[in-house]
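Worksheet for the structure shown next.
All values below were derived from every heavy atom in this structure, side-chain atoms included, with hydrogens, water molecules and symmetry-related copies excluded. Everything numeric in this text was worked out from a predicted model, so none of it was measured.
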Amino acid sequence: MRGALWLLALFGIAVAVALVAGNNQAVVTLFWPPHRIDISFNLLVLLLAGFFTLLYVALRAASAVFSLPAQARRWRAQQKERAMYAAFMDALSHLMAGRFIRSTKLAQNALVQEKSLSQLAQTSSDVSSYNAARATQLRLLAHLLAAESAQALQNKPLRDEHLQQALEKSTHHSAQETREGVQLRAARWALDDRDPAAALELLGQMPQGASRRTLALRTKLRATRQAGQTLQALETARLLAKHRAFSPDAAQSLVRGLALELLGAAHDPAQLQTAWSSLDATERAMPELVIHAASRLMALQGDADLARSWLLQIWEPVMQPRSDIGDKQRIKLIQVLEAGLDSIDSAWLARIETAQQQRPRDANLQYLAGMACLKRQLWGKAQQLLSQASLALQDAGLHRNAWRALALLAEQRDDASAAALAYKRAAEA
């Protein structure tokens, strides 16, 4: 359509010229004393058009000649830029292929090319293709590649040199994300060097939004665990679980492990209660944590009533026949309750008796009920329950304690032979 319009326009111009110039009898006289020149008007128009065309061509030719140095500078800049990007891509390829020495040399070559290109752009305004923001970003990435290769080669001085240069030259606002990447990599290198304090310092220098990303949180989790900051590690693990960085089972296992570590690090009842208060409601409902916290409190000579109040919320679920809690945790629960039998109240005695009656063949519950009867000086019932439990107990500690208790009961009856036999069985357990 456009070609047809141009064709129509040309036909129109040709018709107009034919109408105007076809019958034009005008004559133009030029006086140049003592000469006189008479030419037709049409010829004068043609001469003027030719003159302006010749002048235009001459000016364009002169401009092309004078622009040759600028074009040469632009060409050199383009060659340097291509060489810079080629060296950078080759450095990345060699890094991925495990050729760390070649990668380091090529990254340094890319830095040399970038520096030369930057100087050329500063001295000449003709290099218009140079992008300062992109050059800053490439410079940072080249330093990062060189540092990564040096880290793989265990060349820590060279790694630290490139890392410091990358951090110092990342002041441009467009290179903020690249700087964050450099800080994350530096934090991971610090963890590889077993320096969690440096890793946490680098993570603390990052913006708040960047420090809450999944990769940053994973790095922080490793750093806090290396530094022994269990509470900070637990809070970080909660954030990772919230961000779904792990599967639900893995997140629960990680949080449970850190909570157990936090409770186990307490050295007195006050510290243990503080650690217990730092857990959220979901964690305080985990049977493993509750049993461990109560056991730890009893081991630290803490308040037995407080330990039993923690155990109260899981007593019924744990004692169910189809409970997910294993025998090891049940045995630990029984040991915790056994340690506080001297101060146990009637409500807990009723719970223990009810659980034993509901599961009459459970040797562990028979043992616990028998020990409770022993503490209450119910010798006959204690003798019956402990005798039944001693035949089926699987845990060596409980088995040994059951025979000791039976030996004490035999001594109460002045039955020396039964007591000796019970002590012998306890020694063999």
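A distance of 11.5 Å separates CZ in Arg238 from CG in Leu254, rounded to the nearest 0.5 Å. Atom CG of residue Asn155 and atom NE2 of residue His162 lie 9.0 Å apart, to the nearest 0.5 angstrom. One distance of note links OG of Ser103 with CD of Glu148; it measures 9.0 Å at 0.5 Å rounding. The distance from atom CD1 of Ile344 to atom CG of Leu349, rounded to the nearest 0.5 Å, is 5.0 Å. The line from CD of Gln151 to CZ of Arg188 is 10.5 Å long, rounded to the nearest 0.5 Å.
The local environment of CD in Gln357 is crowded, with over 12 non-hydrogen atoms from other residues, nucleotides or ligands closer than 6.0 Å. The neighbour count for Arg376 CZ, taken as heavy atoms of other residues, nucleotides or ligands under 6.0 Å away, is above 12. Enclosure of atom CG in Leu312 by more than 12 non-hydrogen atoms of other residues, nucleotides or ligands within 6.0 angstrom is indicated. Counting heavy atoms of neighbouring residues, nucleotides and ligands inside a 6.0 Å radius, atom CZ of Arg185 exceeds 12 of them. The neighbour count for Arg159 CZ, taken as heavy atoms of other residues, nucleotides or ligands under 6.0 Å away, is above 12. Atom NZ of Lys375 sits in a sparse spot, with 12 or fewer heavy atoms from other residues, nucleotides or ligands closer than 6.0 Å. Taking a 6.0 Å sphere around CZ of Arg351, one finds it holds more than 12 heavy atoms contributed by other residues, nucleotides or ligands.
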Salt bridge (charged side-chain N to carboxylate O under 4.0 Å, His left out) for Lys156 and Asp193? Distances and angles first, verdict last. CA-CA 10 Å; Lys156 295 181 180 179; Asp193 295 340; 3.4 Å; yes

Pair Glu353-Lys381, salt bridge (charged side-chain N to carboxylate O under 4.0 Å, His left out): steps then yes or no: CA-CA 12 Å; Glu353 184 178 4; Lys381 192 172 183 179; 3.5 Å; yes

One pair to check against side chain to side chain donor-acceptor pair (under 3.5 Å): Lys332 and Ser295. What are the steps and the verdict? CA-CA 8 Å; Lys332 191 173 182 181; Ser295 175; 4.6 Å; no

His399/Gln394 under side chain to side chain contact (heavy atoms under 4.5 Å, CB included): CA gap, chis, key distance, verdict: CA-CA 7 Å; His399 194 196; Gln394 300 296 322; over 6 Å; no

Apply side chain to side chain donor-acceptor pair (under 3.5 Å) to Ser343 and Arg308, showing your working. CA-CA 10 Å; Ser343 61; Arg308 285 191 291 268; 3.3 Å; yes

Intermediate values then yes/no, side chain to side chain contact (heavy atoms under 4.5 Å, CB included), Asp195 and Trp189: CA-CA 9 Å; Asp195 189 2; Trp189 296 335; over 6 Å; no

Report the C-alpha separation of Arg218 and Phe246 in whole Å, then their side-chain angles, then the decisive distance to 0.1 Å, and conclude whether the side chain to side chain contact (heavy atoms under 4.5 Å, CB included) test is met. CA-CA 10 Å; Arg218 285 179 180 270; Phe246 307 107; 3.4 Å; yes

Give the intermediate values and the outcome of salt bridge (charged side-chain N to carboxylate O under 4.0 Å, His left out) for residues Arg256 and Glu283. CA-CA 7 Å; Arg256 182 171 57 247; Glu283 295 161 359; over 6 Å; no

How far apart are the C-alpha atoms of Asn401 and Glu338, what are their side-chain angles, what is the distance that settles it, and do they pass the side chain to side chain contact (heavy atoms under 4.5 Å, CB included) test? CA-CA 11 Å; Asn401 291 340; Glu338 180 187 1; 4.1 Å; yes

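Inter-residue side-chain proximity for Met286 and Val290 is flagged as unmet; no heavy-atom pair is nearer than 4.5 Å. Gln183 has its side chain out of reach of Leu203: every pair of non-hydrogen atoms, C-beta onward, lies at least 4.5 Å apart. You'll find the side chain of Leu408 reaches within 4.5 Å of the side chain of Tyr423, heavy atoms only. In this structure, the side chains of Leu200 and Thr224 come closer than 4.5 Å at one or more pairs of heavy atoms. Looking at heavy atoms from C-beta onward, His94 lies out of side-chain contact with Thr104 at the 4.5 angstrom threshold. In this structure, Gln329 and Leu333 have side chains that are not in contact, with every pair of non-hydrogen atoms separated by 4.5 Å or more. Considering only heavy atoms from C-beta on, Leu386 stays 4.5 Å or farther from Trp403 through its side chain. In this structure, the side chains of Val182 and His143 stay at 4.5 Å or more apart for every pair of heavy atoms.
Using modelled atom types, no side-chain atom of Gln388 and backbone atom of Leu385 make a donor-acceptor pair closer than 3.5 Å. Thr53 places a side-chain N or O within donor-acceptor distance of the main-chain N or O of Ala49, the cut-off being under 3.5 Å. Listed for the Arg425 side chain is no donor-acceptor partner under 3.5 Å among the backbone atoms of Arg404. Between the side chain of Gln366 and the backbone N or O of Pro360 there is at least one donor-acceptor pair closer than 3.5 Å. Although no hydrogens or angles enter the test, the distance criterion places a donor-acceptor pair under 3.5 Å between the side chain of Arg284 and the main chain of Leu279. Side chain of Ser67 to main chain of Ser63: a donor-acceptor pair is present (N/O by atom type, distance under 3.5 Å, no hydrogens or angles). Judged purely by atom type and a 3.5 angstrom limit, Arg179 uses its side chain to pair as donor or acceptor with the backbone of Leu167. At distances below 3.5 Å, at least one donor-acceptor pair connects side-chain atoms of Asp395 with backbone N or O atoms of Gly397. No donor-acceptor pair closer than 3.5 Å links the side chain of Gln377 to the backbone N or O of Leu374. Judged purely by atom type and a 3.5 angstrom limit, Ser149 uses its side chain to pair as donor or acceptor with the backbone of Leu145.
Summarising the geometry of Ile334 relative to Leu365, their closest heavy-atom pair is CD1-N, 4.2 Å, with the distance given to 0.1 Å. Considering all non-hydrogen atoms of both residues, Met298 and Ala304 come closest at SD-CA, 3.7 Å. Shown here for Ala419 and Ala410, the closest heavy-atom pair between the two residues is N-CB, 3.4 Å. The shortest heavy-atom contact between Leu311 and Val336 is CD1-CG1, 3.7 Å. Contact record, Ala382 with Gly370: CB-O, 3.5 Å, taken as the closest heavy-atom pair. Residues Leu221 and Leu240 come closest through the heavy atom pair CD2-CD1, 3.7 Å.
Ion pairing of Glu180 with Arg213 is present here, as a side-chain N (NZ or NE/NH1/NH2) and a carboxylate O approach within less than 4.0 Å.
Side-chain contact, Gln356 with Tyr367: no donor N or O sits under 3.5 Å from an acceptor N or O. There is no side-chain donor-acceptor pair under 3.5 Å between Arg139 and Gln165.
When each of Met84, Arg82, Gln108 is checked for a side-chain contact (heavy atoms from CB on, under 4.5 Å) with Gln113, only Met84 meets the rule.
Taking the six-membered ring where the residue is Trp, Trp310 and Trp276 present parallel rings, their angle staying beneath 30° rather than reaching 60°.
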Pairs under 3.5 angstrom only: tabulate donor-acceptor contacts from the side chains of residues 257-271 to other protein residues two or more places apart or in another chain.
| unit_1 | atom_1 | unit_2 | atom_2 | d |
| --- | --- | --- | --- | --- |
| His267 | NE2 | Ala265 | O | 3.2 |
| Asp268 | OD1 | Ala270 | N | 3.1 |
| Asp268 | OD1 | Gln271 | N | 2.7 |
| Gln271 | OE1 | His267 | N | 2.9 |

